[in-house]
Structures are given as C-alpha cells and as structure tokens.
Student: 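Before I ask anything, let me first share the structure, which is written out below as structure tokens.
Atom set for the values below is all heavy atoms of this structure, side chains included, hydrogens, waters and symmetry mates excluded. Just so it is clear, the structure is predicted and the values come from calculations on it, not from any experiment. Lettering follows sequence order; numbering is per chain, from 1.
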Number of protein chains: 2
Amino acid sequence: MPLNRRQESLVRSLYTRHGRKKTGCCVAEGVRCCSEVFRSVPELVEFTLLAPEAKVDFELSGEVIDVASGQLGSLGGTVSSQGILTVLRRPSGAEGKPDAPFIPVLDQVGDPGNFGTVVRTAKAAGLDELWYTAGSVDPYSDKVVRSALGAQFSMRLREFADLEAARTAAAGFGYGGFFITDPHRGENCYTTGDLFAGSLVVIGSEANGVDPGVPGRRVTIPMPGGFESLNAAQAATIFIFEFVRRKYMKAGTEGGLNG
Amino acid sequence: MPLNRRQESLVRSLYTRHGRKKTGCCVAEGVRCCSEVFRSVPELVEFTLLAPEAKVDFELSGEVIDVASGQLGSLGGTVSSQGILTVLRRPSGAEGKPDAPFIPVLDQVGDPGNFGTVVRTAKAAGLDELWYTAGSVDPYSDKVVRSALGAQFSMRLREFADLEAARTAAAGFGYGGFFITDPHRGENCYTTGDLFAGSLVVIGSEANGVDPGVPGRRVTIPMPGGFESLNAAQAATIFIFEFVRRKYMKAGTEGGLNG
C-alpha cells in the first residue's frame with residue numbers, strides 16, 4: 001500500500017530530536033542498518049519503506065510500504081538510503097545491574113559519527129552496556145544509527161545527568177573503578193592492571209575532553225609521535241580493544257576468533 | 001592586501017583533484033590544520049587567507065591576505081574554516097629506504113574521513129611512513145587534510161599502482177613481511193609475533209576489504225561480539241596501537257609518555 005500522510009509526516013519528524021521524543025520512534029536507513037534491526041529487535045518495528053533499488057537479502061516483517069525510486073531521499077535523510085528505511089520504536093533505557101566487566105561512558109560526545117562509531121566498536125568487542133551523559137548526541141538519531149550500523153538497538157544504553165550521577169549509579173552496582181581517559185597525562189593504559197575490573201572508563205568529547213575538575217584516575221594512551229591527540233572515537237577504540245586483547249591473552253587461546 | 005582574482009581562482013580549484021594536480025598545491029583549513037602546517041612545513045606555504053574571526057595563536061609566515069568574515073565559506077569549503085585557510089604546495093612523494101619498523105598500507109580507501117583518520121593515528125603513533133594504492137582518495141584533498149589535522153604534511157606518503165607493486169618495492173627495501181588485515185579470518189593480531197618486524201600491514205576499504213586473491217598472511221582482530229565488522233579506520237587504529245603497545249611493553253618502561 002502507498003505511504004499515507006500520517007506516515008510521511010511521522011518519518012519527516014524523526015530527523016529531529018523533538019520528533020523522536022514526541023513519538024518515541026526513530027529511523028534506521030540502509031541495508032546493513034535495517035538488516036541489524038530485523039535481526040536483533042524485530043518486535044520494535046513499526047513499518048518499512050521499500051524502493052525498487054533496495055538490495056534486501058533478509059526477511060522483512062511488519063508493514064512494508066512500497067515507495068518510488070529516489071523518494072526516500074526527499075523525506076529527510078541527506079545521504080543514500082539504499083532504498084530502505086525502517087521506522088521503529090526507541091528501546092527504553094536499560095535498568096538493573098549491568099553484567100559487563102567494564103562500562104564505557106561517553107561524556108558529552110556531540111558528534112554523531114564519533115558516538116556511533118564507539119557504539120559499533122563496543123558491540124564488536126562483545127560489550128552490551130554503554131553509558132553517556134546529557135549533552136551527548138541522541139543515540140537514536142538517524143546519523144548515530146547509521147554510523148553504528150544499528151548496533152545500539154541490541155545494546156543497553158543509559159543516560160545520566162552528569163559523570164557524578166553515573167559514578168553514584170555504578171557504585172550502587174558494585175562498580176568501584178572510575179577511570180578518565182586523558183590525551184595528555186595519567187597512568188599508561190597498557191599497564192594499568194585493574195582498568196577493566198568492575199569499572200567505568202570515561203571518554204570525553206574531542207574538543208574539550210573531560211572536565212579536569214572531575215575526580216577519578218587519569219589514564220592515557222602512549223603517543224610516541226607526540227601529535228596533538230587522537231580522535232575521540234580512535235581513543236575509545238584503543239581502550240575497548242585493549243580490553244579484548246587482555247581477555248584473549250589471559251585465556252591463552254585463540255578460540256572464539258572469527259574464521 | 002586583498003585577495004586578487006588569480007588567488008581566488010586558485011583556491012577554488014584546489015577543491016578538485018584536477019585543480020590540485022594541475023597547480024601542485026592544496027589547502028589546509030582551520031586553526032589546528034594550519035597550525036600544523038606552519039609548525040611542520042612552513043617552507044611549502046604560498047599564502048594564507050585570514051578572516052577577523054580566526055583565533056590564531058601561532059606565527060604566520062608568508063603572504064597573509066585579509067578577507068571578510070564568512071568569505072572563506074564561499075570559496076569552496078563546505079564546513080567552517082574557522083576564519084583561516086592556507087594554500088601550500090603538495091609535498092613530493094617520498095623516496096629512498098623507509099626506516100619504519102612496519103608500514104601501514106591503505107588499499108583503495110576512498111573515504112576521506114577514514115583515510116585522514118588513519119594518517120592522524122599513524123602520526124600519533126610515531127610512524128612517519130604510510131603507503132596507499134591507486135583508487136584511494138587523494139591524501140591532499142581538503143577533506144583528508146581536515147580529517148588528518150594536517151598530519152600528512154610531515155609524513156612520508158607513497159602511492160603504488162597496486163598491492164603487488166607495493167610488495168615489490170617493500171622487498172627491495174628489505175621489508176619481507178606482507179600482512180593483510182581481514183575482518184573474518186586469519187592469525188590473531190595480538191599473538192602474531194612478527195607482525196611489525198619489517199613488514200607491510202595492508203588495510204582495505206570498508207566496503208570491499210582487500211581482494212581475496214591477493215597472496216599474503218591474513219591477520220584478524222578478535223571480535224567477541226560477532227557484530228559485522230569494524231569501521232576501516234577503527235581496524236587500522238587497533239593495528240597501529242598494537243604496535244605502540246608492544247613497543248612500550250618490550251621497553252618495560254613508561255618513559256616517553258605524554259605528561
């Protein structure tokens with residue numbers, strides 16, 4: 001059936017933070033993102049817009065609305081949607097005790113590409129829990145969803161007013177470690193033994209980093225080149241995969257590797 | 001003095017590959033990029049356009065042309081130039097024997113953000129040599145320069161027709177190892193002992209990866225989450241900083257860390 005006015009208006013509204021908040025929905029665009037949505041959270045799907053050019057190799061559930069070739073671009077997305085767009089309900093915030101050995105915390109990370117990349121990287125590392133503070137980009141904005149390839153839909157995300165609120169919540173769950181990544185000073189991330197032992201690891205925004213006034217153990221990545229600093233998502237990736245490396249080195253096995 | 005017609009036309013042309021090739025010049029925009037240019041390669045600077053809003057805390061050399069507030073945006077750059085734009089000559093390609101322990105090779109990486117991020121990350125890791133194959137984005141395009149924060153100007157970049165040409169050149173320099181990063185199969189990157197011992201480490205483009213027909217030792221990053229694959233720049237970052245980690249662990253010291 002064709003796209004009706006109400007649906008078209010809903011889709012358009014989901015490219016704004018206000019629209020997502022008001023409707024409780026968000027969009028996933030592109031084959032890889034939508035595939036991830038149908039694989040991990042099919043119960044959240046409202047409807048899907050499908051153009052003839054879409055190369056879909058997975059099963060769609062829910063209402064499927066055929067649209068004209070190129071029509072999706074005019075609805076609000078700025079880049080190629082590859083002919084598929086799914087509207088789904090936003091997951092509700094996670095609750096209860098996390099079971100991750102450590103939790104990455106994004107502090108006021110406003111760049112959608114950086115936020116999404118960290119989500120995708122955390123998911124690839126086998127982490128299911130990720131926290132962030134107010135002032136960060138909306139994790140369910142179209143740009144963050146695209147950048148994360150939809151990884152946020154199968155993760156437990158929690159928002160806190162600030163780092164102090166995150167620290168208090170973590171302590172209540174028995175997470176006592178509180179590390180703040182810093183481009184310039186602190187303990188060497190490669191030799192800090194308890195970095196991932198029931199802890200939060202805070203990553204700041206690229207422009208400002210984490211407020212120097214926030215108490216916590218500073219931890220840094222050695223940078224032999226001395227070149228400014230790393231992009232926030234690159235720093236987060238190094239921390240997250242240092243966790244993976246230790247896990248595999250400790251196990252003393254290559255089992256579980258892909259391929 | 002004001003911007004003359006010839007200069008304006010030159011700046012506009014540098015946002016195209018053709019224009020950069022024809023003139024042998026390129027642009028750096030923004031405070032951090034331009035600062036890096038004046039720090040590392042002042043001898044390449046042709047002239048600088050400066051608007052009143054620019055917050056410049058470094059010394060400019062060469063011809064400085066005052067422009068009106070907001071004028072830079074109309075010249076071709078799509079994002080905020082922060083009121084400063086420097087035109088400089090492209091560095092000539094590197095020659096002679098590299099002295100890096102290993103060389104990252106970008107194979108047909110077309111995304112400017114990914115290419116630039118890898119350049120910036122390699123520079124932060126203390127690597128000065130980076131190779132790439134034809135089919136990659138131009139390393140001196142405005143977008144790559146912005147994404148790398150100008151790190152390419154103080155690095156030795158070399159372009160090869162394809163991976164075979166890179167391998168042959170490397171062998172001539174005594175680099176015998178040839179590793180191909182693969183999202184799905186291969187040796188564990190954390191336990192491959194000779195990964196950085198006189199070797200090339202090839203990173204493919206995100207969409208296609210490296211042609212499976214290319215011979216070489218496949219090496220992979222363990223991904224416990226089993227989520228698709230990492231972004232190309234994230235994978236490259238993990239390899240590059242695994243090199244840094246080994247260097248610091250081997251040295252058994254934290255000396256040389258920032259701060």
Side-chain angles (χ1 to χ4, degrees), chain A residues 32 35-36 40 113 116-118 120-128 147-151 154-155 182-191 218 220-231 233-238 240-249 252-254 256-259, chain B residues 32 35-36 40 113 116-118 120-128 147-151 154-155 182-191 218 220-231 233-238 240-249 252-254 256-259:
Chain A
R32 291 173 79 180
S35 163
E36 174 61 18
S40 69
T117 298
V118 175
R120 176 178 171 188
T121 302
K123 179 76 185 170
L127 296 171
D128 284 330
S147 170
L149 289 182
S154 56
M155 289 184 69
D182 191 301
H184 302 300
R185 63 195 174 95
E187 303 170 52
N188 182 340
C189 68
Y190 296 125
T191 55
R218 250 67 186 176
T220 194
I221 300 165
M223 270 191 277
F227 184 72
E228 285 251 356
S229 62
L230 291 162
N231 177 287
Q234 308 317 112
T237 295
I238 292 167
I240 289 170
F241 272 81
E242 172 62 4
F243 163 71
V244 171
R245 185 192 69 79
R246 292 188 194 185
K247 195 168 156 176
Y248 277 93
M249 299 300 266
T253 164
E254 297 187 26
L257 290 187
N258 309 25
Chain B
R32 291 173 79 180
S35 163
E36 174 60 20
S40 69
T117 298
V118 175
R120 177 177 171 188
T121 301
K123 179 76 185 169
L127 296 171
D128 284 330
S147 170
L149 288 181
S154 57
M155 290 183 69
D182 190 301
H184 302 300
R185 63 196 175 94
E187 303 169 53
N188 182 339
C189 68
Y190 297 125
T191 55
R218 250 66 187 176
T220 194
I221 299 165
M223 270 191 276
F227 185 72
E228 285 251 357
S229 63
L230 291 163
N231 176 288
Q234 307 317 111
T237 295
I238 292 167
I240 290 169
F241 272 80
E242 172 63 5
F243 163 72
V244 171
R245 184 191 69 81
R246 291 188 194 185
K247 196 168 156 177
Y248 277 94
M249 299 300 266
T253 165
E254 298 187 26
L257 289 188
N258 310 24

Student: Against chain B, work out which of A:A122, A:G113, A:A124 has the most heavy-atom pairs shorter than 4.5 Å and name it.
Tutor: A:A124

Student: Sequence neighbours excluded, which residues qualify as side-chain contact (heavy atoms from CB on, under 4.5 Å) partners of B:N231?
Tutor: A:R120, B:N114, B:E206, B:A233, B:Q234

Student: Please find the pair of heavy atoms, one from B:F241 and one from A:Y190, that lie closest to each other, and give the distance.
Tutor: O-OH, 3.3 Å

Student: Out of the candidates B:T121, B:I238, B:L230, only one should pair with A:T237 under the side-chain contact (heavy atoms from CB on, under 4.5 Å) rule; please name it.
Tutor: B:I238

Student: Using heavy-atom distances under 4.5 Å, tell me whether A:A235 contacts chain B through its side chain, its backbone, both, or neither.
Tutor: neither

Student: Grab the two heavy atoms, one from B:P224 and one from A:A125, that are nearest each other, plus how far apart they are.
Tutor: CG-O, 3.5 Å

Student: CZ of B:R245 to CZ of A:R245: how many Å apart, nearest 0.5 Å?
Tutor: 3.5 Å

